[in-house]
Amino acid sequence: MSDTEHSESGSRPSNFIRNIIDEDIRNNKNGGRVVTRFPPEPNGYLHIGHAKSILLNFGLAEDYNGHCNLRFDDTNPHKENIEFVEAIKKDVAWLGCDWGDRLFFSSDYFDALYEFAMQLIKKKKAYVCDLSAEAMREYRGTLTEAGKDSPFRNRTVEENLDLFARMKAGEFEDGTKVLRAKIDMASPNINLRDPTIYRIRRGVIHHQTGAEWCLYPMYDFTHCLSDALEGITHSICTLEFEDHRPLYDWFLDTLETSCHPQQIEFSRLNLEHTVTSKRKLTELIESGHVAGWDDPRMPTIAGLRRRGYTPAALREFCRRIGVTKSDNVIEMGVLEGCIRDDLNKHSPRRMAVLNPLKVVITNFPEDDEVFEAANHPQDETFGVRKIPFSRELYIDRADFEEVPPKKYKRLIPGGEVRLRNAYVIRCDEVVKDSDGNVVELHCSYDADTRGKKPEGRKVKGVIHWVSARHAIEAEVRLYDRLFNHPTPDNSKDGLSYLDHLNPGSLRTLTRCYLEPSLGDASPGDQFQFEREGYFSLDSSCQPDHQTGERARSKSIFNRTVTLRDTWAKIEKKR
RNA sequence: UGGGAAAUCGUCCAACGGUAGGACUACGGACUCUGACUCCGUCAAUCCAGGUUCGAAUCCUGGUUUCCCAGCCA
């Protein structure tokens with residue numbers, strides 16, 4: 001396979017991190033090894049921004065014949081729980097990343113970290129501080145003014161050791177004491193103004209260590225040391241940690257560790273019309289704006305999966321957006337393009353009528369007919385399926401216009417249209433109710449147009465349909481962007497991101513008609529509903545335990561993405 | 001106003017002192033039993049001002065704009 005031509009799996013565009021690693025390998029730094037890690041905090045589900053990081057870290061490990069560790073950064077038991085741990089593992093694996101036996105927790109290192117902390121105390125580089133949180137904030141100074149030393153800064157090593165041991169023993173209440181690194185209260189980098197490295201949290205049950213600890217290390221202290229303990233070579237994180245790097249390096253330079261990983265920062269993903277912040281995603285759920293972490297409108301991996309996105313599409317997406325240090329906002333069209341490309345190639349075609357309008361073929365006999373239709377127009381390996389045709393059909397309301405706009409090529413009074421995979425029909429009569437609404441169409445078919453072009457005229461339009469008597473009734477959920485504003489959490493209009501919520505982000509259609517073959521679908525199965533888009537059977541549609549069959553009334557299809565629609569574009573411009 | 005970063009087509013990413021290139025989008029066309037797919041074509045950018053150089057997106061100087069940082073969160 002000549003790979004560089006293939007956009008999907010082949011070409012690996014270089015990026016600045018790969019350049020750094022290439023350089024490191026040339027210099028035989030780390031003995032040429034590459035070990036990365038993905039360090040999620042289990043305080044929520046993973047979102048598409050994490051996918052960028054996961055694919056970067058695991059991709060690097062794969063390409064450079066190294067390793068990537070999955071390490072849960074679980075130092076804050078207040079916010080974390082085991083449900084999130086399991087959800088994260090599921091999502092990482094679903095993306096196709098394999099951590100093998102390299103599953104770790106920062107909490108695995110709590111003992112070692114405690115030893116490191118004592119080492120720091122003994123080197124006079126850490127002290128127990130009794131300042132309250134508010135007092136500490138005052139002592140910290142501001143962005144433009146230096147802070148001042150804590151009155152507890154010069155406690156003796158012995159006193160600090162004793163106090164720290166008693167903190168561990170649970171003698172002190174939450175908030176009364178912390179352990180701080182002793183660096184420089186006048187540093188222009190606020191992170192270096194004697195940062196807290198241990199705080200007391202009594203009585204919380206940690207999902208990994210239970211009640212063993214009542215003091216927990218902070219991120220800055222934990223992360224660099226965990227990296228070192230695992231022999232990480234390249235510790236890749238997002239830009240907001242850039243000015244934590246001096247701290248990262250300070251701990252590793254001050255303490256005796258067997259290696260000193262290099263922290264490299266890249267810019268996080270921003271996607272138009274959504275938010276990617278765990279705090280905000282949590283808020284969306286708790287306030288009931290969405291149904292949960294896996295709501296198909298959520299930018300979470302679980303939401304995207306339920307929506308019908310594939311790992312391949314997300315991988316391609318991350319390949320297309322690249323990795324740099326510059327701030328970026330990716331258009332939703334990029335993500336949609338990726339899933340369309342994947343599903344176009346890999347999903348079988350079906351017909352489904354979302355907004356039904358009844359059509360009676362007046363000159364068609366009472367007996368049914370059965371057609372065979374290709375499951376994929378460009379790929380014969382998808383095979384064929386049978387589709388019943390009968391006297392009464394449904395077509396989509398949008399495929400009929402009494403007063404057609406210019407260039408409209410679907411059904412109009414007196415006009416002809418091709419029924420996909422079937423006959424050409426002519427609309428002879430429009431039946432309306434007393435309010436003037438179109439309720440039914442009476443049409444006639446040309447028996448000589450099955451599998452061939454009609455004689456002496458050309459029919460441009462092709463529309464989809466289902467046989468009324470054979471159709472499966474289903475619910476179809478149409479999703480749209482969750483937010484109307486492209487950057488809802490940074491809209492510069494004084495409004496909150498919640499103010500930009502799109503009230504039409506979910507439209508539920510309850511009386512849709514599907515061709516019968518769709519009755520066999522399983523949750524997660526994906527189809528192209530021709531001329532409509534890509535749809536996936538919702539995960540809630542589990543088969544009945546008794547019969548093993550899914551009740552037909554229970555079909556719920558999620559629209560993953562629409563087809564590209566140049567006609568809609570023309571109409572919009574009108 | 002302290003510190004740390006970033007600025008290249010509408011968007012994202014390349015170009016590593018030597019022809020500013022690709023992808024997405026947009027626009028135009030071909031094809032079509034999906035207004036899809038595919039194919040062909042077009043438009044479109046180096047933040048600004050100086051300097052170095054035969055030659056600057058790239059190096060230097062000075063500006064401008066944007067982002068991040070004052071958790072006992074990560």
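The chains referred to below are lettered A, B, ... by the order of the sequence lines, with proteins before strands, and numbering in each begins at 1.
Among the atoms of the strands shown, none is found under 4.0 Å from any heavy atom of A:Glu265. Residue contacts for A:Val329: at a heavy-atom cut-off of 4.0 Å it reaches the sugar-phosphate backbone alone, with no base atom in range. Residue-level contact check: A:Phe241 touches the bases, meaning some heavy atom is under 4.0 Å from a base atom. No engagement by A:Gly533 is indicated, since no non-hydrogen atom pair under 4.0 Å with the nucleic acid exists. If you check every strand for non-hydrogen atoms under 4.0 Å, A:Arg418 touches a base. In this structure, A:Val323 reaches the sugar-phosphate backbone alone: every heavy-atom distance under 4.0 Å involves primed, P, OP1 or OP2 atoms, never a base. Among the heavy atoms of the strands, none lies under 4.0 Å from A:Phe371. Within 4.0 Å of A:Leu143, counting heavy atoms only, lies at least one base atom of the nucleic acid. Across all strands, A:Lys569 comes closer than 4.0 Å only to sugar-phosphate atoms, never to a base (heavy-atom distances). Across all strands shown, A:Lys409 has heavy atoms under 4.0 Å from base atoms, whether or not it also approaches the sugar-phosphate. Using a 4.0 Å heavy-atom cutoff across all strands shown, A:Leu131 reaches at least one base atom of the nucleic acid. At the heavy-atom level, A:Lys492 lies under 4.0 Å from the strands shown only through sugar-phosphate atoms. Within the 4.0 angstrom heavy-atom criterion, base atoms lie near A:Asn19. Nucleic acid contact class of A:Arg564 (heavy atoms, under 4.0 Å, all strands): sugar-phosphate only.
Taking the six-membered ring where the residue is Trp, the centroids of A:Phe104 and A:Phe72 are separated by 6.0 Å or more. Taking the six-membered ring for Trp, A:Phe241 and A:Tyr248 have ring centres at least 6.0 Å apart. Checked against the 6.0 Å centroid criterion, the rings of A:Tyr445 and A:Tyr423 qualify as a close aromatic pair.
For B:A56 and B:C16, the C1' atoms lie 13 Å apart once the distance is rounded to whole Å. A distance of about 46 Å separates the C1' atoms of B:C72 and B:C60, rounded to the whole Å. Between B:C27 and B:G10, the distance separating the two P atoms is 16 Å to the nearest Å. Spacing of C1' atoms, B:U66 relative to B:C59, comes out at 24 Å, to the nearest Å. The separation of B:A57 from B:C48, taken at their P atoms, amounts to 11 Å, rounded to a whole angstrom. Here the separation of B:A36 from B:G22, taken at their C1' atoms, is 25 Å to the nearest Å. For B:C43 and B:G21, the P atoms lie 12 Å apart once the distance is rounded to whole Å. With P as the reference atom, B:G29 and B:A14 are 35 Å apart, rounded to whole Å.
Of the residues near RNA chain B, A:Asp220 and A:Glu532, the one whose nearest nucleotide (by heavy atom distance) lies more toward the 5' end is A:Glu532. Between A:Thr142 and A:Asp73, the residue anchored closer to the 5' end of RNA chain B is A:Thr142, taking for each the nucleotide with the nearest heavy atom.
Base orientation of B:G71: syn (glycosidic angle within 90° of 0).
Applying the salt bridge (Lys or Arg N to Asp or Glu O under 4.0 Å) test to every pair with at least one member in residues 270-283 of chain A, sequence neighbours left out, gives these pairs: A:Arg279-A:Glu283, A:Lys280-A:Asp489.
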Under the rule of Watson-Crick or G-U wobble with both distances under 3.5 Å, where | means paired to another strand and [ ] a crossing pair, RNA chain B maps to .((((((..((((....[..)))).(((((.......)))))....(((((..]....))))))))))).....
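Contacts of A:Glu145 classified as salt bridge (charged side-chain N to carboxylate O under 4.0 Å, His left out), with partners at least two apart in sequence or in another chain: none. With sequence neighbours excluded, no residue forms a salt bridge (charged side-chain N to carboxylate O under 4.0 Å, His left out) with A:Arg418.
Within the 3.5 Å criterion, the main-chain N or O of A:Asp243 finds a donor-acceptor partner in the side chain of A:Asn189.
For RNA chain B, the span of nucleotides reached by chain A at under 4.0 Å from its heavy atoms goes, 5' to 3', from B:U1 to B:A74.
The cationic group of A:Lys168 lies under 6.0 Å from the six-membered ring centre of A:Tyr114 and within 45° of the ring axis, placing it in a cation-pi geometry.
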Under 3.5 Å donor-acceptor pairs involving side-chain atoms of residues 133-140 of chain A, not counting sequence neighbours:
none

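The nearest pair of heavy atoms linking A:Gly308 to A:Leu343 is O-CD2, 4.1 Å.
Each of A:Tyr513, A:Phe535, A:Phe529 was scored for a ring pair (Phe, Tyr, Trp, His ring centres under 6.0 Å) with A:Phe557, with one residue passing: A:Phe529.
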